[in-house]
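Below is one structure, written out as structure tokens; the observations come after it.
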Amino acid sequence: MTAFDYDLFVIGGGSGGVRAARIAAADWGANVALAEESRMGGTCVIRGCVPKKLMVFASGFPAAFADARAYGWQVGPAAFDWTAFRTRLEAELDRLEAAYRSTLIKAGVTIHDSRATLLDAHRVQLADGRAFTAKHILIATGGRPFVPDIPGAALAVTSNEMFHLPALPKRALIVGGGYIASEFACILNGLGVEVSQFYRGAQILRGFDDEARGHVATAMQAAGIRIHCGTDVMRLEKTAGGIRAVATDGSEREFDLVMYATGRKPNTEGLGLEGLGVEIGRKDEIVVDRFSQTAVPSIFAVGDVTGRINLTPVAIREGHAFADTVFGGIPTAFDHELVASAVFTQPEMGSIGLGEEAARTQEPIEVYATAFRPMKTAFAGQPDRVLMKLIVSQATRKVLGCHIVAPDAGEMIQLAAIAIRMGATKEDFDRTCAVHPTMAEELVTMRKPTRTA
Ligand code: NDP
């Protein structure tokens, strides 16, 4: 007999929290409650990956229309109706939210549509004052966009607002050089918006392989995006016609929309963690061990709030591992090594493992790289080039990294990731017969290293 109201109380109904709640309840028979203050599904479903990818699809049609003409199709004048798209998008998000909710209910999870905070190591309080006890508490509160404190910051929007714009702007400024900034620069550009992107560093997409990010940046510029590196906003001012951005390069330009994508912060504030003994890190993240346990044994945390790798599939695996560990009696730690990811720029970038620069500081390597015009767009007379790149250990022959810049690179890297996680060597890649004609066949046909380092 338990003296607690619940075996598990989950705070946050995003990717990590929902998975943990469902597995604990449905697979392991735990008595679970979950509190969510906003919409079920969290950042990924409601204001992140899902609506973003649908916008990526929407923004790809002008290029597809141009290709279609080259392939002999007569395509009439096309126009984009933002309101029609947004209405459909909202309906799709409603459908997904309902699906998440019904999955939880079917699993037997009690849902509280409320903010929840911690009272102590075993007690949670809802916004209406009701309090519940739980043997275990899982914090899966995710993160939120961070906007630097510059004069006029309130004039800017973040990715949260991008899905609800009343109308598309004519001129947009995107600030930041990471995943979100680069993806939205491409989306808006594809939808016909005049896009400028300011990034404070020397090249966008810091942390990825230099050649791959250079390739993406060149393609983005060729598509019409004005990328200004080494440039940051000093202040934003409201003007009669829009928003003036005064930049560190001395320029003053006017835009209709300014979007900041300058990183995200874990949602740890105001949760009642102060004084409980839960360790909070330098970036406001909850510090956990490999089993997602905090310094307080009954309190666990998964997903973006822990600031490990901020990706939905990672949060899902952390949540699942937590449920298996605590309720299934199977100690499971998610392995954060060799996690593949894709940046949904146009072209996409898929990558796993080490970039060339990081790999060569670790050990002697061979680099295999090829850039070429893919059949589909070359036929249409487009200049687009794709990049396929493998980083190989000279000592073990293992493929240490794979970087693809190409349409559908996200799909390709998912499959390459299986081989690389299994420890495939360059010779394993070489023994694999090509699938022809494809872009990805280049991954198994690069015979000679481009360079060694
Ligand atoms: P990122 O950390 O990817 O990028 C933040 C960007 O903002 C960097 O270019 C950074 O510059 C810049 N920046 C940070 N602080 C400031 C500042 N004070 N002034 C000016 N510029 C600043 O964050 P995002 O917000 O793009 O994305 C958050 C996370 O969400 C990502 O890390 C990723 O894990 C996840 N995500 C994943 C996606 C996917 O899988 N496709 C899509 C979207 C998000 P610098 O490089 O100099 O630090």
Side-chain angles (χ1 to χ4, degrees), residues 15 39 41-71 73 75-97 99-100 157 159-169 172 174 178-195 197 205 216 219-220 222-225 257 259 261 311-313 340-351 374 376-377 380 382 384 386 404-415 438-440:
S15 304
R39 295 181 64 182
T43 298
C44 170
V45 177
I46 303 298
R47 60 193 90 82
C49 324
V50 171
K52 180 273 310 283
K53 186 109 191 238
L54 291 168
M55 282 181 83
V56 169
F57 289 140
S59 68
F61 282 96
F65 295 145
D67 287 351
R69 287 190 189 97
Y71 277 87
W73 286 91
V75 181
F80 180 63
D81 181 341
W82 165 252
T83 310
F85 170 75
R86 201 192 54 197
T87 305
R88 231 184 142 81
L89 179 69
E90 281 160 5
E92 177 61 3
L93 300 188
D94 288 346
R95 187 186 72 76
L96 288 170
E97 183 182 6
Y100 267 73
V157 298
S159 56
N160 283 351
E161 290 79 41
M162 291 304 286
F163 310 107
H164 309 288
L165 295 177
L168 279 183
I174 311 280
Y179 280 79
I180 299 179
S182 305
E183 289 179 343
F184 271 102
C186 292
I187 288 170
L188 291 180
N189 185 56
L191 294 177
V193 176
E194 205 179 286
V195 179
Q197 183 177 359
L205 296 169
V216 173
M220 285 171 63
I225 298 168
L257 177 96
M259 183 192 115
L311 296 173
T312 277
S341 76
V343 186
F344 293 98
T345 40
Q346 289 158 15
E348 287 176 22
M349 174 165 71
S351 58
K376 185 177 173 192
T377 42
Q382 310 290 2
D384 313 26
V386 307
I404 302 174
V405 181
D408 294 325
E411 305 289 346
M412 295 183 218
I413 203 69
Q414 177 66 85
L415 301 179
T438 63
M439 292 177 278

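The chain is numbered in sequence order, starting from 1.
Heavy atoms of other residues, nucleotides or ligands lying less than 6.0 angstrom from CD of Glu161 number more than 12. The number of heavy-atom neighbours closer than 6.0 Å to CZ of Phe61, taken from other residues, nucleotides and ligands shown, is 12 or below. Enclosure of atom CZ in Arg88 is not indicated, since only 12 or fewer non-hydrogen atoms of other residues, nucleotides or ligands lie within 6.0 angstrom.
Between Arg39 and Asp94 there is a salt bridge, since at least one side-chain N of the basic residue sits less than 4.0 Å from a carboxylate O of the acidic one. For Glu90 and Arg86, the salt-bridge test passes: some basic side-chain N is under 4.0 Å from an acidic carboxylate O.
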Practice prompt. Check the pair Leu188 / Ile174 against side-chain contact (heavy atoms from CB on, under 4.5 Å), numbers first and verdict last.
Written response: CA-CA 10 Å; Leu188 291 180; Ile174 311 280; 3.9 Å; yes
Practice prompt. Test side-chain contact (heavy atoms from CB on, under 4.5 Å) on Ser59 and Asn189 and set out the steps.
Written response: CA-CA 8 Å; Ser59 68; Asn189 185 56; over 6 Å; no
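Considering only heavy atoms from C-beta on, Gln197 comes within 4.5 Å of Met220 through its side chain. With contacts defined as side-chain heavy-atom distances shorter than 4.5 Å, the pair Arg47/Ser159 does not qualify.
Judged by distance alone, with hydrogens and angles left aside, the side-chain atoms of Trp73 form no donor-acceptor pair with the main-chain N or O of Phe65 at under 3.5 Å. Here the side chain of Asp81 pairs a donor or acceptor atom with the backbone of Ala84 at under 3.5 angstrom. Judged purely by atom type and a 3.5 angstrom limit, Glu183 uses its side chain to pair as donor or acceptor with the backbone of Phe344.
Ser341 and Tyr179 form a side-chain donor-acceptor contact under 3.5 Å, judged by distance and modelled atom types alone.
For Glu194, the salt bridge (Lys or Arg N to Asp or Glu O under 4.0 Å) partners two or more places apart in sequence, or in a different chain, are Arg226.
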